Structures are given as C-alpha cells and as structure tokens.
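Written below as structure tokens is the structure these notes are about.
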Amino acid sequence: MSGDRSIRTANGVSHLKRSVMRDLLKLAVDPDIISLAGGLPAAETLPVEAFGECLEAVLARDGAASLQYSPPFAPLRAWIAEHMRGRGAACSPEQVFITNGAQQGLAIISRMLLDPGEPAVIENIAFTGIQQVTAGRGADVRTVNVDPALGVDVSSLEKAFQLEPRPKMAVMVPNFHNPLSATMPAEARQTAAELAARFQVPIVEDDPYGMLRFEGEAIPPIKAYDQDDFVFYLGSFSKMLAPGLRLGWIVAPESMMPQITVVRESMDLESSTLIQRVVHEFIRRGHLQVHLNEMNALHKTRRDRLVAALKSEFTTGEHWTEPQGGLFVWLTLAEGIDSWALFEAALAKKVAFIPGEAFAVEGGHKNCVRLSFGNVRTEMIDLGVARLAQAVREGALAR
Ligand SMILES: Cc1ncc(COP(=O)(O)O)c(C=O)c1O
C-alpha cells in the first residue's frame, strides 16, 4: 500500500491517483483480517429474505415491465419526496432525480456546475469520492475547516465564499461525516444555506448517513433551510438499506431536471428498473423502518464496544470521536506516528483501518486513523483494537 498514492497540485491540494478505498475494500472481505477499514453497514442486518420476497412479488406483478428500459419509477420518486418532507425539506416528486447512489449524484452535479480549473470548496478532511469529483477533475480546490465534533466551520465557509472568483460549488457532509463522523448543528446548517444564497454558491449536501442515527435527535438537512434553491441534496439507499443496490437520489429544482438528465445520459441511461421497483415494494411493505431499527441497534452496540476498547487500550493522551450514528470513529494518536507505516504493521497483525491522510485534502493528519464499526463482528472488536494498540506500541519503541 505504500508508494505513489497521490498527486499534489500547484496549490498544495492532493488527489488520489489510485483508489485507496478500492484497495482497502479488498481487505475488508479477507476473512483472516479484522477489518475496521471499509465503510460498510452490518452485513448481518442486510435484509436478504425480505428483499427476496419483494423481488419475487415485483416480477410476478410487473412481469416484463420490470426488466425493460423505463422512466424513473414514479411511486419511488413520490416516496422519496415524502421522505424528504418528513425530514423538513420541501420537496415534490418532480424535484427528485433517481441515481445509482450518492457518488453518481456527486459526479452529475460536479460535471454540471464545475469545469476543470474553476474553484470549488470542499472540507479539508473529505471522503475520497468528493476529492475525485473536484481535485480529481482539475478543479481549483479551496478547503474549509471541519471540526471533528461540529462539522464545517461556517466562518471558514464564509471566507471561502467571499473570495473572487466565486466558487462554483461547495460540497459538505452534514451528518456523521466520513471519516470524522462530525454532525453539523442546526444553526450551522441554517447559516450554510444562507451563505449559499447570499454569495450564490450552490451547496451539494451529500447525505448517505442521515438515517444511520442511533442516538440523539435528528437534525433537518441543510436543504430544509434552503429558501432560494441553492442546495442540491444527495440521498442514498446504500447505507440505509444496502450498498449493493446502487440506488440513490438528487433533490434539485424542477427547472434543472432537463440539464441533470443530459449530464446523467453521458454516464448511463437510467437506474435499474427492477431495483427501483423492488426497493419501493420493500418500503411499501414497511420493511425499511424495521431494517433501520435493527441495523442502527447493532451499530450502536458496536460503537459502544469500540469506544470501550479504545478507552482500555489507549491511555496516553490519544483521543477519538464518539458518534451518535454513522459508521466511523476518528482516532487521533500521538504526534509523530505515521498511520501509513502503522497500517503496514497492523496488517501484519491482521487488523485493518484507513490511514487518516487518505482523507486529508492538504496532507497532514498522519497520526489519525478512521475506524469503522459497522461491519466488524462485535466479538472481534476488542481483539482488533488490542492488535492495533500493540502495533502502535511496537512502532513507538522502534522510533
Ligand atoms: C460521504 C460519502 N458520500 C458518498 C458516498 C457514496 O455513496 P453511494 O454508495 O450512495 O454511491 C459515500 C460512501 O461511502 C460516502 O461516505
């Protein structure tokens, strides 16, 4: 895993030359390795049986129509609009565009709003897929600070928006941020929406983790505060139902749908007719809420176990986030630790994580790591953290 991982542009912003995530996802499926690496929801709760029943029912009901090309499935768009309204954001079915997941939403909106060389704002610690659609496309990237507890710092955002030329878009993950797990408070969301309108900078609100809350009160999305249509909301069924479905959505002004359709057609024609119908059937039968309850309960158990293990193994000033949802804990180790070297040492001990630097848009954060508690068997967490702590101690002795 060491070696040539990133390209650094003139303004010091790096982007990934090869997909670290893909390399690491391969590890997540090696049964010998305790993987705290991939951002995967708990496999045990993926609803195989209920989904199978819905699949059969849809094929029996819709026959060949479920296997044809077809326009977006209207009942699914209607449900998504209702779901968005339930979360506090005004939304009609005509404002919903079905995608193959949030990453496709990021790709579509960034192609629509941003040309290479133009300015874009992203968080200084950002999911690699966000780096790919901005720095990776040659954008002039400006970063804003993101706090491990409170998410995007809105005064940093205001400064980035003020700069001329004005950014063409700003991407942020307000709920259970990947990798920090930070969640923006309601006031910051409102301020972000107001800044977008004041400076006419569209915000792309990337929200795959919003429904993965297992504690505390849900906070309305930034889109709920968007009076002037400057927020594009990206939703996804990946984490809230199953990543393998490859299904998500964009909420955008109805007037922009033709433009979004044209950009999407340059990538693929449409999302799976069959999967849209089966997901809708799954929801119609009331399975989604049951699934969310089960999955979030298991994630909470695993978060608790991970935090308890960190408390007992790391007692010399290391610190970590304790999220109320999502999939990640961000662990900050002692200064001077290089988490890429630690990654190799930990892998030799059969435990995997993602080095923090992979998310650090301007470099740094070498002593940080992202740990995912979603898809690691609960009873393996203590051993995984013990191995990690041992690798840290051995590394410290060797330095
Ligand atoms: C912040 C963020 N955005 C987007 C995605 C991609 O989601 P999807 O599977 O819906 O394409 C991920 C996946 O991990 C993510 O963490």
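No experiment lies behind these values; they were computed from the predicted model shown. Every number for a ligand or one of its atoms is a count from 1 in the order of the listing.
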Kindly say whether Ala43 contributes a backbone atom to a donor-acceptor pair with the side chain of Asn375 at under 3.5 angstrom?
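At least one qualifying donor-acceptor pair exists.
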
Quick one: are the ring centres of [X] and [Y] less than 6.0 Å apart?
X      : Y      : answer
His280 : Phe73  : yes
Phe328 : Tyr209 : yes
Phe343 : Phe353 : yes
His299 : Phe214 : no

Report all side-chain donor-acceptor pairs from residues 84-91 shorter than 3.5 Å, counting only partners two or more places apart or in another chain.
residue	atom	partner	partner atom	Å
Arg85	NH1	Cys91	O	2.7
Arg87	NH1	Asp207	OD2	3.3
Arg87	NH1	Tyr233	OH	2.8
Arg87	NH2	Asp207	OD2	3.1

Examine the proximity of ligand 1 to Arg246 and report which part, side chain or backbone, both or neither, has a heavy atom under 4.0 Å away.
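Answer for Arg246: side chain.
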
Gln104, portion touching ligand 1 at heavy-atom distance under 4.0 Å:
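The answer is neither.
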
With atoms numbered from 1 as shown, which atoms in ligand 1 lie under 4.0 angstrom from a non-hydrogen atom of [X]?
X      : answer
Lys239 : 13 (C), 14 (O)
Gly101 : 10 (O), 11 (O)
Ser238 : 8 (P), 9 (O), 10 (O)
Ser236 : 8 (P), 10 (O)

For ligand 1, is Phe237 a contact, meaning one of its heavy atoms is under 4.0 Å away?
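In this structure, Phe237 fails to qualify as a contact of ligand 1 - no heavy atom is under 4.0 Å.
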
contact_flag Pro208 ligand 1 heavy-atom lt 4.0 Å:
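For ligand 1, residue contact (heavy atoms, under 4.0 Å) with Pro208 is present.
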
For [atom], what is the closest protein heavy atom, and at what distance to 0.1 Å?
atom                    : answer
atom 12 (C) of ligand 1 : Phe127 CZ, 3.4 Å
atom 7 (O) of ligand 1  : Ala102 CB, 3.8 Å
atom 6 (C) of ligand 1  : Gln103 N, 3.8 Å
atom 1 (C) of ligand 1  : Asp206 OD2, 3.3 Å

Indicate whether any N or O donor in one side chain lies under 3.5 Å from an N or O acceptor in the other, for Asn178 and Arg370.
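The criterion, which ignores hydrogens and geometry beyond distance, is satisfied for Arg370 and Asn178.
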
Min N/O separation Leu106 to ligand 1 under 3.5 Å:
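No, Leu106 has no N/O under 3.5 Å of an N/O on ligand 1.
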
So do the side chains of Pro119 and Arg166 get within less than 4.5 Å of each other, counting heavy atoms only?
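No - every pair of side-chain heavy atoms lies 4.5 Å or more apart.
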
Within a strict 4.5 Å, meaning less than it, do heavy atoms of the Ile125 and Trp330 side chains meet?
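Yes, side chains in contact.
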
